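In what follows, a single structure is set out as structure tokens and then discussed.
Keep in mind that what you see is a predicted model, and the values were worked out from it rather than measured.
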Amino acid sequence: MSTTFVLLPGAGSDSWYWHLVAPRLRAEGYEVLTPDLPWTDDTAGLAEYTDVVVEAIGGRRNVVIVAQSMSGFVAPMVCERVPVGRLVLVAAMTPKPGESPGEWWGATGQERAQREQADRDGRTVDFDPRELFFHDVPADVTAQAFERGERSPSDTPFEKPWPLAAWPDVPTRFLLCRDDRLFPADFQRRVVRERLGIVPDEMDGGHLPALARPQELTRRLLDYVRSG
């Protein structure tokens, strides 16, 4: 049975985020799905995002879900509805039962962690997408991203609590990025240990590894599948 990768983008992003990774996985013989989540739809929340992914998967059975950033809230919900062989979280938010995405930031101490990392780096914490997200993304890819325009996510998915009673019974790996300015490495190590009880894997780079380091990210994803 062939393996299907289902690649989920972070909040406000779409399938383009994976445009440098998806072809590499397909070249290795894997089917790849990159569903677009309705981030800008004020009527849609986590449940509707999950519906989109479940519909895209259809009857496929041997599925690996890869979730970037806020899709860490969505991917486990998908695992409750379709057979998933492996779940890979990449620079992701890790939810706990009853916590909304809006509450996650304060509950985990993300703001303080981001500020302290900025202080260590000698940076300000002013919101500048280029400095926060694209600092290690090649200039040509960054230019393409900004030419596509901004897609600000709706507030709706941040409001309702994550509905699962526990993490799904699916083999889970977490890949953090050591130079992530939004979710610093020390912060992620702590949160992943506390919430998933596992030690995250690590790679160099910032919050957007599929754009900054697509070759290495692809290799990591293939290793997860091939290692069984």
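- Checked by atom type and distance alone, the side chain of Asp179 pairs as donor or acceptor with a backbone atom of Gly205 at under 3.5 Å.
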Val6/Val64 under side chain to side chain contact (heavy atoms under 4.5 Å, CB included): CA gap, chis, key distance, verdict: CA-CA 6 Å; Val6 181; Val64 175; over 6 Å; no
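- In this structure, Gln114 and Val125 approach most closely via the heavy-atom pair O-CG1, 4.4 Å.
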Derivation of the side chain to side chain donor-acceptor pair (under 3.5 Å) call for Trp39 and Ser154: CA-CA 6 Å; Trp39 295 117; Ser154 167; over 6 Å; no
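- Smallest separation of non-hydrogen atoms from Ala91 and Asp180: CB-OD2, 3.7 Å.
- Within a 6.0 Å sphere centred on CD of Glu194, heavy atoms belonging to other residues, nucleotides or ligands number more than 12.
- Remark: Leu176 CG to Asp186 CG distance equals 9.5 Å, nearest 0.5 Å.
- In this structure the side chain of Leu87 reaches within 4.5 angstrom of the side chain of Trp167, judged on heavy atoms.
- Atom CG of Asp169 has 12 or fewer neighbouring heavy atoms from other residues, nucleotides or ligands inside a 6.0 Å radius.
- Here the closest non-hydrogen pair linking Gln188 and Ala92 is NE2-O, 3.1 Å.
- Thr43 and Glu48 get closest at one heavy-atom pair: O-CD, 4.1 Å.
- In this structure, CG in Leu196 is found 12.5 Å from CZ in Arg173, a value given to the nearest 0.5 Å.
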Candidate pair Trp18 and Phe5, rule ring pair (Phe, Tyr, Trp, His ring centres under 6.0 Å), full reasoning: CA-CA 11 Å; Trp18 298 106; Phe5 280 95; 9.7 Å; no
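- A salt bridge links Arg219 to Asp223: at least one charged side-chain nitrogen sits closer than 4.0 Å to a carboxylate oxygen.
- With salt bridges taken as basic N to acidic carboxylate O contacts below 4.0 Å, none links Arg24 and Glu28.
- In terms of heavy-atom proximity, Leu222 sits nearest to Leu25 at CD2-CD2, 3.8 Å.
- Of the inter-residue distances, the one linking Leu217 atom CG with Cys177 atom SG reads 7.5 Å to the nearest 0.5 angstrom.
- Salt bridge annotation for Arg189-Glu202: present, with a cationic side-chain nitrogen under 4.0 angstrom from a carboxylate oxygen.
- Across Pro214 and Thr218, no two heavy atoms sit closer than the pair O-OG1, 2.7 Å.
- Glu159 has its side chain out of reach of Ser100: every pair of non-hydrogen atoms, C-beta onward, lies at least 4.5 Å apart.
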CA sep, side-chain torsions, deciding dist, call: Tyr49, Phe73, ring pair (Phe, Tyr, Trp, His ring centres under 6.0 Å): CA-CA 10 Å; Tyr49 298 170; Phe73 271 82; over 10 Å; no
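- The residues Arg220 and Asp201 are annotated as not salt-bridged, no charged nitrogen and carboxylate oxygen being separated by less than 4.0 angstrom.
- Ring-plane geometry between Trp16 and His19 is classed as parallel, the angle between the planes falling under 30 degrees on a 0 to 90 degree scale with a further cut at 60.
- Salt-bridge check for Arg60 with Glu31: passed, with a basic side-chain N closer than 4.0 Å to an acidic carboxylate O.
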Determine whether Ile57 and Thr4 satisfy the following criterion, side chain to side chain contact (heavy atoms under 4.5 Å, CB included), listing intermediate values before the conclusion. CA-CA 9 Å; Ile57 293 172; Thr4 299; over 6 Å; no
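- Here Arg195 pairs with Glu99 in a salt bridge; the nearest charged N to carboxylate O distance falls below 4.0 Å.
- No salt bridge links Glu131 with Arg123; every basic N to acidic carboxylate O contact stays at or beyond 4.0 Å.
- Residue Arg178 places its CZ atom among more than 12 non-hydrogen atoms of other residues, nucleotides or ligands, all under 6.0 Å distant.
- A distance-only check finds a donor-acceptor pair linking the side chain of Thr172 to the backbone of Val170 [under 3.5 Å].
- A side chain to side chain contact (heavy atoms under 4.5 Å, CB included) with Leu7 holds for exactly one of Val66, Val90, Ile65; it is Val66.
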Evaluate Gln117 against Asp121 for side chain to side chain donor-acceptor pair (under 3.5 Å), listing each step before the verdict. CA-CA 6 Å; Gln117 185 63 53; Asp121 295 344; 3.1 Å; yes
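- Remark: side-chain polar atoms of Ser13 are not paired, donor with acceptor, to backbone N or O of Gly10 under 3.5 angstrom.
- Outside the 6.0 Å centre-distance limit, the rings of Phe158 and Trp104 are not counted as a close aromatic pair.
- Annotation for Asp204: atom CG counts as buried by contact number, over 12 foreign heavy atoms lying within 6.0 Å.
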